[in-house]
Amino acid sequence: MTHDTPAARGDFAPGGPGRGDSGRRSGGLGLALVSAASFALSGALARPLLGAGWSPGAVVGLRIAIGALVVLPFGLAALRGRWGLLRRNAGRIVGYGLLAVAGAQFCYFSAVQHLQVGPALMIEYAAPVAVVGWLWARHGQRPGRLTVAGAAVAALGLLLVLDLFSGADLDPLGIAWALAAMVGAAAYFLISADDADGLPPLALAAGGLVVGGLALGLLGLVGALPMVASLDPVSYAGATVSWWVPVLLLGVLTAALSYVTGIGAARALGSRVASFVALSEVVFAVLWAWLLLAELPGPVQLLGGLLILGGVVLVKAGERAVVAPEPVTV
């Protein structure tokens, strides 16, 4: 008897390396870029709010809560009355909400209390390496040379974009929190790509956002994640707007849109390629900071962005060389 396992199908993605479908992969690449661009917008939108007195916990808590409210009706509609899918996937949904949504963000904000933003991001964005390692160790999907080369090129680009060569103060506790955030980010790609039980992406996104929002709210109630807000107006690119405008955009664009398109991308591309394409988020973040906050990137950062994109191209090309295990036979 042969089991059609996610690993046998190719990196959890129908249409992965085992079933070539160029149209699906092209669409997945587009979804991945939309997800990265919308996720990247969160930093530029949040920074003026933080400057106006908002705590990071309040920003991310409202962002996830609004995202959950937006996606929930669509997630329920996508189930089409198949409530058994929720029961069978309850563990995945809870794991996604706790690890990929709440855990990654709580651990990252905890990390930046002890580390500079650059090193904390660098450690969290090592998630693609963790994804490759997990797929190799757990499912026997050994990466090819192009994938390894692409990972190295993208890592160098990330170092340049985050300007880590200028020196950074590293704290062991901060490193531990950043590594925990990396685990959450890796879980995001791995859980998103697994469609073995047929749970619609909208349902997974809705359930994960609801669970993540409740978890962040609980952390706020017990004081582990301070929740402080301000009603003062904020400014972007010389224009002053009411506080609710960026908060609403954070929820709709950087939570609802980001998670839904991210899950769709992971299922079309597989968790390995999707995680590397997601590194383009740092490039988009630089562009959003330039457009909304007038923070211009330097030549070194621009070079780093090009290297990240080059690394993603190599990883994508290297998918054909991934050595997958034989289907499990019992």
Side-chain angles (χ1 to χ4, degrees), residues 32-60 62-64 66-67 104-105 108-109 111-113 115-127 154-168 178 181 185 230 232-259 261-262 276-312:
L33 291 173
V34 170
S35 181
S38 52
F39 266 129
L41 181 59
S42 61
L45 287 176
R47 186 170 299 176
L49 290 171
L50 298 175
W54 286 69
S55 67
V59 173
V60 75
L62 270 178
R63 170 182 171 237
I64 297 303
I66 293 172
Q105 298 193 51
Y108 171 72
F109 283 123
V112 296
Q113 293 179 9
L115 291 177
Q116 295 176 9
V117 170
L121 279 175
M122 179 63 192
I123 295 172
E124 182 180 8
Y125 283 141
L156 176 59
L158 202 57
L159 285 169
L160 295 177
V161 170
L162 298 177
D163 196 22
L164 293 190
F165 293 114
S166 61
S230 169
D232 294 339
V234 290
S235 297
Y236 299 90
T240 300
V241 298
S242 179
W243 63 271
W244 61 264
V245 174
V247 169
L248 184 62
L249 291 175
L250 280 166
V252 175
L253 296 182
T254 78
L257 178 63
S258 299
Y259 282 101
T261 53
F276 277 96
V277 176
L279 291 178
S280 62
E281 181 182 335
V282 297
V283 181
F284 285 117
V286 171
L287 293 176
W288 286 124
W290 175 33
L291 293 173
L292 296 180
L293 306 176
E295 296 180 357
L296 296 175
V300 172
Q301 288 180 306
L302 292 175
L303 174 61
L306 292 175
L307 288 175
I308 289 174
L309 296 178
V312 169

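The model shown is predicted, which means the values in this text are computed figures rather than measured ones.
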**Item:** For Ala44 against Ala289, the heavy-atom pair lying closest together
**Value:** CB-N, 4.3 Å

**Prompt:** Run the side chain to side chain contact (heavy atoms under 4.5 Å, CB included) check on Val234 and Val241 step by step: do they pass?
**Reply:** CA-CA 6 Å; Val234 290; Val241 298; 4.0 Å; yes

**Item:** Exercise: identify the closest heavy-atom pair between Ser258 and Ser38
**Value:** OG-OG, 2.7 Å

**Complete:** Contacts satisfying side chain to side chain donor-acceptor pair (under 3.5 Å) that involve residues 238-251 (not counting sequence neighbours) are Ser235-Thr240, Ser242-Trp244

**Closest approach of Leu33 to Phe284 (non-hydrogen atoms, all atoms of both residues)** = O-CE1, 3.9 Å

**Prompt:** Looking only at atom types and distance, does a side-chain atom of Tyr108 sit under 3.5 Å from a main-chain N or O of Ala178, one as donor and one as acceptor?
**Reply:** no

**Message:** How close do Ala52 and Asp232 get, counting heavy atoms only, and between which atoms?
**Reply:** O-OD2, 4.1 Å

**Request:** Write out all pairs satisfying side chain to side chain donor-acceptor pair (under 3.5 Å) with one or both partners inside residues 39-58, taking only residues at least two apart or from two chains.
**Result:** Arg47-Glu295

**Prompt:** Is there side-chain contact between Leu41 and Leu292, with at least one heavy-atom pair below 4.5 Å?
**Reply:** yes

**Message:** Once side chain to side chain donor-acceptor pair (under 3.5 Å) is applied, what residue pairs with a partner in residues 278-288 remain, sequence neighbours excluded?
**Reply:** Tyr125-Glu281

**Request:** Begin with the C-alpha distance, continue with both residues' side-chain angles, and end with the deciding distance and a verdict on side chain to side chain contact (heavy atoms under 4.5 Å, CB included) for Arg63 and Val247.
**Result:** CA-CA 7 Å; Arg63 170 182 171 237; Val247 169; over 6 Å; no

**Request:** Specify the closest pair of heavy atoms between Leu253 and Leu257, including all atoms of both residues, with the distance to one decimal.
**Result:** O-CB, 3.3 Å

**Item:** Candidate pair Tyr236 and Leu45, rule side chain to side chain contact (heavy atoms under 4.5 Å, CB included), full reasoning
**Value:** CA-CA 8 Å; Tyr236 299 90; Leu45 287 176; 4.2 Å; yes

**Pair Phe39-Thr254, side chain to side chain contact (heavy atoms under 4.5 Å, CB included): steps then yes or no** = CA-CA 5 Å; Phe39 266 129; Thr254 78; 5.5 Å; no

